[in-house]
Q: 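Pasting in a structure now, in C-alpha cells, and then I'll have a few things to ask.
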Amino acid sequence: MGKVKTRFAPSPTGYLHLGNARTAIFSYLFARHTGGDFVLRIEDTDRERSRKEYEDMLIEDLKWLGIEWDEFYRQSERFNIYKEYVDKLLAEGHAYPCFCSPEELEKEKEEAKKKGIPYRYSGKCRNLYPEKIEKLKNEGKPFTIRFKVPENKVIVFEDLIKGSIAINTDDFGDFIIVRSDGTPTYNFVVVVDDALMGITHVVRGEDHIPNTPKQILIYEALGFPVPKFVHLPVILGEDRSKLSKRHGAVSVRAYREEGYMPEALFNYLCLLGWSPPEEGREIFSKEELIEIFDLKDVNNSPAVFNREKLKWMNGVYIREVIPLDVLVDRAIPFLKKAGYDVSDRDYIKKVLSHTKDSFDTLSEMVERLKPFLVDEVQIEEEVWSFLEDSKVQEVLTLFLQKIEENKPESPEEVRKIAKEIQKTLKVKPPNVWKPLRIALTGELEGVGIDILIAVLPKEKIEKRIKKVLEKLA
RNA sequence: GCCCCCGUCGUCUAGCCUGGCCUAGGACGCCGGCCUUUCACGCCGGAAACGCGGGUUCAAAUCCCGCCGGGGGUGCCA
C-alpha cells in the first residue's frame with residue numbers, strides 16, 4: 001500500500017455535528033496511523049445553503065478537537081475545474097442535458113408512488129436530437145446535466161468495513177450532476193476532487209453507501225482510479241434513530257460550551273464504533289490513538305451516543321488527565337462568564353487543586369466553586385432551621401476564636417481545629433461541620449468544608465460566621 | 001413500496017473470520033457496602049446480554065437457512 005491520503009468533507013450548513021466529528025476523527029486517525037496525509041475540504045457547492053459563518057465555526061471546532069489537516073480546499077473555488085470534467089463527460093457521451101422541469105419530475109415521482117413502483121428518472125431527455133437541444137437552449141429553457149447510467153448493471157465494491165456490497169444501477173437511474181443554475185452536485189464533485197486530490201481511502205458515514213455506485217460510474221467514465229471505500233456505521237440517539245437535534249445537544253460546539261474537554265470528547269467519540277486492541281483500557285491520548293487505531297477494529301453496527309458515559313469520561317480527564325494549569329486556563333472563562341472575579345489566578349488554581357475531584361464539567365464547576373467566589377452567602381429558611389440547635393452558637397464562637405488566633409492554611413489543620421472543638425464542647429463531628437457548612441456556604445451539601453476554610457480568605461470566613469452569629473443572638 | 005446496511009447486558013463493547021479455553025470478559029449507568037463533616041471522588045461487591053426458529057456438528061454467541069426487529073437511502077442536500 002502506497003501513502004495513504006484521506007479527507008473530511010463537511011458542508012458548511014450548520015454546526016459540526018458529533019457524527020461528523022467522529023467521521024473526521026476516524027479519517028484523521030487512519031491517515032496519521034499510516035503516516036499518511038489528511039485533507040479538509042469544504043463542500044459548499046450548494047450556494048443556497050452554504051454559509052461562511054458555518055465554515056468558520058466548523059474549522060474552529062475541528063481545531064479545538066485537535067484535528068489538523070495538511071491541505072485545505074473549498075469547492076466553491078473550484079467550479080472551473082468541475083466544468084472541465086463536465087464538458088469531458090458531455091463530449092464523450094457519458095452525460096446529457098435534461099430539460100425536464102422540477103414540476104414534471106415531481107409528477108413522475110408521484111405517479112411512480114401511486115403505482116407502487118420505485119421511482120427512477122424516465123430518461124425522457126436522454127436521446128434528444130442535437131438540433132432539439134440547440135433549439136431549447138436558444139429558447140433559454142433551463143436545463144440540468146444528467147449522468148448516463150448503464151442499465152441493469154451490478155456495481156460491486158469492497159468496503160473496508162462492510163465487506164462486499166453490490167447495487168444494481170436500475171435502483172437509481174440517470175442522476176443530475178449539474179443543477180440548472182450551473183453549479184455541480186455532490187456526487188459529481190466528490191469524485192473529481194477525491195481523484196484530483198489523490199484520496200486513497202474515502203472515509204465517510206454509511207449513509208453514503210447508496211451514493212457509492214453512482215460515484216464509481218463517474219470514476220470509470222472519467223478514467224480515474226477508484227479509491228478504497230470505508231463506510232462508518234452511524235451514531236444513533238437514545239431512541240435508536242440517527243442522532244439529530246431532536247436528541248438535544250448534538251454539536252461539538254454545545255459540548256464545548258458546556259465545559260467539556262476536547263481531549264475527552266475526542267476520546268469518547270473514538271470508542272463509539274471502535275475498540276482498542278488491548279482490552280480493559282479506555283482512556284487514550286490522541287498520540288496513543290494514532291498509534292493504535294486501525295480500521296480492522298472498527299465495529300460495523302451503529303452505536304448509540306451515551307451522554308452519561310461522555311460525562312464520566314470528561315470527569316476522568318478533569319481529575320486525572322488535564323494538567324492543573326491547563327485546567328485553570330480553561331476554567332477561568334467559565335467563572336468570568338458567571339460573573340466572578342478571576343483576577344487572582346493563584347487563588348483559582350489553589351481552589352481547583354482541591355476541588356477538581358468533585359465535578360465532571362466546567363459548568364458543574366461553576367456551581368461547585370460558588371462558596372469560594374461569592375462575597376456573601378444566602379441562607380434559605382429551610383436550611384436556617386438546622387442552625388437552631390443549642391450548641392451552634394458555642395461551636396461557631398469557639399471556631400471564630402481559633403480562626404482569629406491562627407488561620408489554618410491546609411485542610412489537615414482545619415480538621416485538627418474541628419477535633420479540638422469536638423473535644424472542648426463535647427459534640428459529635430457533624431455538630432461542628434454542619435453549622436460551619438451552612439454558615440459558609442448556605443447549603444447542606446457541597447465541597448469539603450475543611451477545604452473551603454483552608455482556602456477561603458480569613459476575612460470572608462469571619463464575615464460569614466459573624467453574620468450568622470448576629471442573627472442567632 | 002423498492003434498494004442497502006446492521007442485530008452480544010439499559011448503553012458502548014470483547015469474543016464471531018480460524019466452532020470447544022464463554023458457568024460470555026471489560027466500561028458507563030443502576031443497586032448494596034466501605035470511607036466520611038455533606039454531595040461527590042475512591043475502594044469492594046451485585047443484578048444485568050448472545051433477537052426468534054430451524055439446521056450442520058460429539059460440541060454454536062461463533063458456520064448455513066428462514067423469520068423478526070432496528071437503521072439508512074430513495075433530492076436540481078451533502
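Numbered from 1 within each chain, the chains take letters A, B, ... in sequence-line order. Computation of the quantities below employed the complete heavy-atom set of this structure, encompassing side-chain atoms and omitting hydrogens, waters and symmetry-equivalent molecules.
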Q: Hey, does A:K434 reach any base, or is it just sugar-phosphate, or nothing, if we go heavy atoms under 4.0 Å?
A: nothing

Q: Can you sort out which residues in residues 307-316 of chain A have a heavy atom within less than 4.0 Å of RNA chain B? Ascending by number, please.
A: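 Going residue by residue through residues 307-316 of chain A, the ones with a heavy atom under 4.0 Å of RNA chain B turn out to be A:E308, A:K309, A:W312.
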
Q: When all nucleic acid strands are considered with a 4.0 Å heavy-atom cut-off, which category describes A:C270: base, sugar-phosphate, or nothing?
A: nothing

Q: What contact category does A:N299 fall into here, base, sugar-phosphate, or nothing, at under 4.0 angstrom with non-hydrogen atoms?
A: sugar-phosphate

Q: Pick base, sugar-phosphate or nothing for A:T183, based on heavy-atom distances below 4.0 Å to the nucleic acid.
A: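 No contact at all - A:T183 keeps every heavy atom at 4.0 Å or more from the nucleic acid.
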
Q: Between A:F172 and A:F147 (judged by ring centroids, cut-off 6.0 Å), do the two rings come close enough to count as a pair?
A: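 No; A:F147 has its ring centre 6.0 Å or more from that of A:F172.
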
Q: Is B:C17 paired to anything, Watson-Crick or G-U wobble with both distances less than 3.5 Å, and if yes, which nucleotide?
A: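 Matched B:C17 with nothing under the 3.5 Å cut-off.
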
Q: Looking at residues at least two apart in the chain, or sitting in another chain, which of them share a ring-ring contact (aromatic ring centres under 6.0 Å, His included) with A:Y82?
A: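 Scan of A:Y82 (ring-ring contact (aromatic ring centres under 6.0 Å, His included), adjacent residues dropped) gives none.
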
Q: If we call it a pair only when both distances are under 3.5 Å in a Watson-Crick or G-U wobble match, what pairs with B:C43?
A: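 Answer to the pairing question: B:G33, which forms a Watson-Crick or G-U pair with B:C43.
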
Q: Using a heavy-atom cut-off of under 4.0 Å over every strand shown, decide if A:P102 touches base, sugar-phosphate, or nothing.
A: base

Q: Across the strands shown, which category fits A:K428 at heavy-atom distances under 4.0 angstrom: base, sugar-phosphate, nothing?
A: nothing

Q: Taking it one step at a time, do A:D174 and A:Y96 satisfy side chain to side chain donor-acceptor pair (under 3.5 Å)?
A: CA-CA 10 Å; A:D174 297 352; A:Y96 59 91; 2.5 Å; yes

Q: Under 4.0 Å, counting only non-hydrogen atoms across every strand here, what does A:R437 touch: a base, just sugar-phosphate, or nothing?
A: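 Base: the residue A:R437, judged by heavy atoms under 4.0 Å, touches a nucleobase.
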
Q: Counting only Watson-Crick or G-U wobble pairs whose two distances fall under 3.5 Å, which nucleotide matches B:G51?
A: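 WC or wobble partner is B:C67.
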
Q: Which residues, if any, of residues 18-27 of chain A bring a heavy atom under 4.0 Å of RNA chain B?
A: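 Within residues 18-27 of chain A, no residue comes under 4.0 Å of RNA chain B.
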
Q: Does B:G1 pair with anything, Watson-Crick or G-U wobble, both distances under 3.5 Å, and if so, with which nucleotide?
A: B:U74

Q: Contact class for A:K109 (heavy atom, under 4.0 Å): base, sugar-phosphate, or nothing?
A: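 Sugar-phosphate contact only.
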
Q: Under 4.0 Å, counting only non-hydrogen atoms across every strand here, what does A:H231 touch: a base, just sugar-phosphate, or nothing?
A: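 Here A:H231 touches no strand at all.
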
Q: Looking at A:R319, does any N or O in its side chain come under 4.0 Å of the phosphate oxygens OP1/OP2 on B:A40?
A: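 So the side-chain polar atoms of A:R319 never come under 4.0 Å of the phosphate oxygens OP1 or OP2 of B:A40.
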
Q: Under 4.0 Å between any heavy atoms, over every strand shown, what does A:E279 touch: base, sugar-phosphate, or nothing? Just pick one.
A: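 Base contact.
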
Q: At under 4.0 Å between heavy atoms, what does A:I176 touch on the DNA or RNA strands: base, sugar-phosphate, or nothing?
A: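 Base contact.
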
Q: So what does A:V178 touch, heavy atoms closer than 4.0 Å: a base, only the sugar-phosphate, or nothing?
A: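 Nothing, no heavy atom under 4.0 Å.
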
Q: Can you tell me whether the side chain of A:N211 and the base of B:A78 have a donor-acceptor pair closer than 3.5 Å?
A: yes

Q: At 4.0 Å (heavy atoms only), tell me whether A:T144 reaches a base, stays on the sugar-phosphate, or touches nothing.
A: base

Q: Is the shortest side-chain N to carboxylate O distance from A:R49 to A:D44 below 4.0 Å?
A: no

Q: How about A:H354 and A:F372: are their ring centroids closer than 6.0 Å?
A: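 That pair fails the under 6.0 Å test.
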
Q: Using a 4.0 Å heavy-atom cut-off across all strands, classify A:A166 as base, sugar-phosphate, or nothing.
A: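 Sugar-phosphate contact only - A:A166 comes under 4.0 Å of backbone atoms but never of a base.
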
Q: Can a side chain N or O of A:N168 be found less than 4.0 Å away from OP1 or OP2 on B:C2?
A: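 Result: no.
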
Q: Report yes if a side-chain nitrogen or oxygen of A:S275 is closer than 4.0 Å to either non-bridging phosphate oxygen (OP1 or OP2) of B:A14; otherwise report no.
A: yes

Q: Answer yes or no: does a side-chain N or O of A:K242 lie under 4.0 Å from OP1 or OP2 of B:G70?
A: no

Q: If I take atom NZ in residue A:K419 and atom P in nucleotide B:U36, what distance separates them, rounded to the nearest angstrom?
A: 10 Å

Q: Could a donor-acceptor pair under 3.5 angstrom be found where the side chain of A:S180 meets the base of B:C76?
A: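 It does, because a donor-acceptor pair links the side chain of A:S180 to the base of B:C76 below 3.5 Å.
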
Q: Picking from A:F26, A:F284, A:Y28, A:F266, what satisfies ring-ring contact (aromatic ring centres under 6.0 Å, His included) with A:F293?
A: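 By the ring-ring contact (aromatic ring centres under 6.0 Å, His included) criterion, A:F293 pairs with just one of A:F26, A:F284, A:Y28, A:F266: A:F26.
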
Q: Tell me whether the rings of A:F229 and A:H231 are parallel (<30°), tilted (30 to 60°) or perpendicular (>60°).
A: parallel

